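Order of the sequence lines fixes the chain letters, A, B, ..., with proteins taken first and strands second; residue numbering starts at 1 for each chain. We use all heavy atoms of the structure for the numbers below, so side chains are in, but hydrogens, waters and symmetry mates are not. For clarity, every value in this text was computed on a predicted model and none was experimentally measured.
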Number of protein chains: 2
Amino acid sequence: MADKVTIADVARAAGVSRQTVSNALNTPEVVREETRRRVLDVVEELGYRVNQAARQMRTGRSRLIAARIDPEQDGINGSVGDRFLHGLTETAAREGYRVLLYTADGDDAETAAFDDLLGAYEPDAFVLMATHHGDRRTTWLAERGVPFVTFGRAWSDPAAPHCWVDVDGAAGTEAATRHLLSQGHRRIGFLGWPKGSGVGDDRREGWRRALAEVGLGVAGLHRETEDDVVPGEHAARDLLDRDPEITALVCASDSLALGALHVARAPGPAWLAGGHPHRPVAVVGFDDTPVARAIGLTSVRQPLAEVASSCLRLLTHRLDGGAGAPPEYLLLPPSLVVRASG
Amino acid sequence: MADKVTIADVARAAGVSRQTVSNALNTPEVVREETRRRVLDVVEELGYRVNQAARQMRTGRSRLIAARIDPEQDGINGSVGDRFLHGLTETAAREGYRVLLYTADGDDAETAAFDDLLGAYEPDAFVLMATHHGDRRTTWLAERGVPFVTFGRAWSDPAAPHCWVDVDGAAGTEAATRHLLSQGHRRIGFLGWPKGSGVGDDRREGWRRALAEVGLGVAGLHRETEDDVVPGEHAARDLLDRDPEITALVCASDSLALGALHVARAPGPAWLAGGHPHRPVAVVGFDDTPVARAIGLTSVRQPLAEVASSCLRLLTHRLDGGAGAPPEYLLLPPSLVVRASG
DNA sequence: TTCCCTAACTTGAACGATCAAATCATGCAT
DNA sequence: ATGCATGATTTGATCGTTCAAGTTAGGGAA
């Protein structure tokens with residue numbers, strides 16, 4: 001608190017001008033080697049750190065990256081966002097950026113938040129999660145020329161003008177289905193979300209593909225429902241009741257998978273309420289949430305740390321130099337974490 | 001992006017000076033009613049928003065609050081931090097602040113992060129989580145006069161010079177124990193963490209108190225172990241094996257409780273690996289994590305949203321006025337969420 | 001009338017950095 | 001010797017606010 005070291009203090013102590021100090025730090029190549037070293041020594045000695053606010057005024061760059069923190073919906077899938085945020089914070093710090101949080105409930109509230117943030121704090125970029133068809137957020141940002149990346153591909157536009165990083169959900173469910181096939185299962189159902197969501201359709205597609213590869217069809221083998229435990233339980237029960245030959249289920253999320261497990265399990269311990277005895281059915285979830293780990297649910301794991309660091313790298317690359325570079329798209333492979341459930 | 005409206009633009013359009021615009025916004029009482037209205041109209045019309053960086057340069061206040069995001073340890077208890085962060089972000093926005101994230105691994109890394117942040121971004125305050133005995137972070141901040149609040153009381157200092165907000169853990173385990181007593185259980189064990197941790201000792205104390213109230217002792221009824229599922233399972237098995245009369249367990253965390261459930265449950269479904277058949281035992285966890293919800297575990301719930309908003313309120317009150325006010329301590333009551341496990 | 005006070009508003013400076021232009025050697029070709 | 005490009009450094013201006021001091025007009029009280 002006591003001492004606030006400014007660039008002028010350093011300049012005085014090093015016997016050079018402010019600008020030379022600035023250059024020694026930001027454009028070392030224009031400063032004579034010996035001077036540079038002397039300046040850096042003084043910087044070290046006095047514990048000088050650049051004042052972001054002052055720098056921002058002049059350069060217009062805040063070195064802040066804004067990201068949304070979700071109101072944790074069912075708490076199960078919510079953990080994905082948190083792991084991602086943590087990864088983002090870590091990589092950002094390494095690249096000299098900081099993560100600024102905001103919340104918003106719905107696309108329009110979020111664009112309003114963009115507006116507020118840009119007016120006041122001027123973050124250099126935004127990182128968006130959970131993109132969807134007709135995402136108004138991306139168009140809003142693009143129209144105003146604000147840099148951003150999304151975790152989630154541009155579902156509506158295969159040649160989107162912005163960068164995105166995503167996980168190949170179809171590859172995940174395909175691997176899950178193959179795994180079940182390799183275990184001898186032949187009739188493998190799918191529990192997913194209503195059609196029209198990019199993510200959901202993608203995950204269903206992987207399952208379909210794996211079955212098609214071995215000459216199996218998918219008629220009557222899938223159900224679509226809201227992404228929560230109870231709906232998942234109902235859908236699973238319905239599916240299993242109508243087709244007694246189903247022995248395994250691939251699910252679009254751990255929430256749905258948990259619902260399915262309530263149905264699929266053997267008689268069941270007293271502390272797991274609801275659901276009547278049923279035949280054993282293998283279940284695979286998606287996201288490898290803490291809940292999956294806790295209850296031994298096989299699940300598709302997204303490499304969230306890599307997604308986060310990739311997002312940041314794409315951003316900083318464009319921010320710190322290649323502003324006009326063409327957008328890059330990155331599709332990362334998930335991995336299957338096999339546990340007792342299937 | 002195109003138009004950046006400054007206070008000078010507003011001044012020109014309203015036919016007043018910059019300072020009057022500033023006053024109309026920040027010190028309305030010194031501006032004539034009519035002028036004020038005119039200025040605010042123009043502000044609205046042009047969409048003027050104060051530039052934080054510029055304001056910060058002059059006032060030294062950034063309106064940023066820094067908070068740590070944890071590297072999610074076992075993922076079960078991690079969710080507590082995320083819910084707290086979300087609450088913080090929401091309340092902060094309402095009070096005109098933003099949350100800036102950082103990560104750190106251990107007290108010393110965290111004080112280093114303080115130093116970095118203070119040098120560059122100058123956050124107005126810090127919010128710390130998970131205080132413990134001999135917390136070096138609080139002394140570091142206090143020595144430098146940096147404002148902060150902690151979620152977690154000052155374990156080592158009953159008259160700490162800083163504000164804190166905490167949840168009454170003892171009251172939580174006490175309520176849990178009473179609940180079990182009311183269900184007819186008489187021998188109720190406790191699974192906790194090694195002595196010396198403020199939080200852990202506090203939670204054990206509530207259990208002890210509830211038993212003492214009805215004249216029961218605690219000899220041989222508790223185990224201390226690392227906070228994770230497998231250690232919890234071992235400790236629970238040990239405890240239950242040695243004392244066949246125990247019919248219920250109160251746990252210091254949902255992780256431990258999950259381990260206990262692995263032991264306590266009836267034969268158990270195929271997908272829950274490990275653990276042999278055992279007598280049914282009621283189990284209560286702590287934190288009401290998503291995992292508890294998912295598996296029907298009775299658990300003590302911390303009012304995290306209130307903790308977060310209280311933390312922020314204490315902070316902003318001191319930042320925006322009463323700087324010298326004596327520290328306030330807030331102990332909030334938790335609540336018991338009863339589910340199938342006990 | 002003169003003086004002072006207050007309310008309402010304006011002006012100049014400053015926060016700490018960087019940009020753009022200026023200065024000043026130094027070396028090299030003409 | 002003159003001119004000119006190059007390298008190393010300095011100087012002045014500026015980003016958008018708010019603080020502190022200054023100005024102006026309009027009342028009263030003496």
**Request:** Could you tell me whether the side chain of B:Asp168 and the main chain of B:Pro333 form a donor-acceptor pair under 3.5 Å?
**Result:**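 Side chain of B:Asp168 to backbone of B:Pro333, a donor-acceptor pair under 3.5 Å: no, none is there.
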**Asked** Taking side chain as C-beta onward, heavy atoms only, is A:Pro147 less than 4.5 Å from A:Arg318?
**Response**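 The answer is no, as the side chains (C-beta and beyond) never meet within the 4.5 Å cut-off.
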**Beyond-backbone contact of B:Arg153 with B:Tyr329, side-chain heavy atoms, under 4.5 angstrom** =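 Side-chain contact under 4.5 Å: no.
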**Request:** Assess whether atom CD of A:Glu44 is packed by more than 12 heavy atoms of other residues, nucleotides or ligands within 6.0 Å.
**Result:**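 Not more than 12 within 6.0 Å, no.
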**Asked** Would you say B:Asp105 has more than 12 foreign heavy atoms packed within less than 6.0 Å of its CG?
**Response**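 Check fails, neighbour count at 12 or below.
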Please name all residues satisfying side-chain hydrogen bond (donor to acceptor under 3.5 Å, both in side chains) with [X], sequence neighbours left out, ordered by chain then number.
| X | value |
| --- | --- |
| B:Glu143 | none |
| B:Arg98 | none |
| A:His162 | none |

**Request:** Find out whether the Lys NZ or Arg CZ of A:Arg63 is both under 6.0 angstrom from the six-membered ring centre of A:Tyr97 and within 45° of the ring's axis.
**Result:**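 Judged by the rule (NZ or CZ under 6.0 Å from the ring centre, within 45° of its axis), A:Arg63 counts as positioned above A:Tyr97.
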**Item:** Contact state string [nucleotides 16-28 of chain D, B base, S sugar-phosphate only, - no protein heavy atom under 4.0 Å]
**Value:** BBBBB--------
**Item:** Helix axis bend for the helix from C:dT1-D:dA30 to C:dT30-D:dA1 - C1'-based end axes, five pairs, 10° rounding
**Value:**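 It comes to 70° between the two terminal axes.
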**Whole-Å gap separating C1' (C:dA17) and CZ (A:Arg63)** =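 Distance, rounded to whole Å: 14 Å.
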**N/O (side chain, B:Thr20) to phosphate O (OP1/OP2, C:dC9) under 4.0 Å** =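 No, no such contact exists.
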**Prompt:** Under 4.0 Å between a Lys/Arg side-chain N and an Asp/Glu carboxylate O for B:Asp115 and B:Arg144?
**Reply:**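 Salt bridge between B:Asp115 and B:Arg144, a charged N being under 4.0 Å from a carboxylate O: no.
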**Prompt:** When you measure from every atom of DNA chain C, which of residues 29-44 of chain B have a heavy atom less than 4.0 Å away?
**Reply:**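 B:Val31, B:Arg32, B:Thr35, in order of number.
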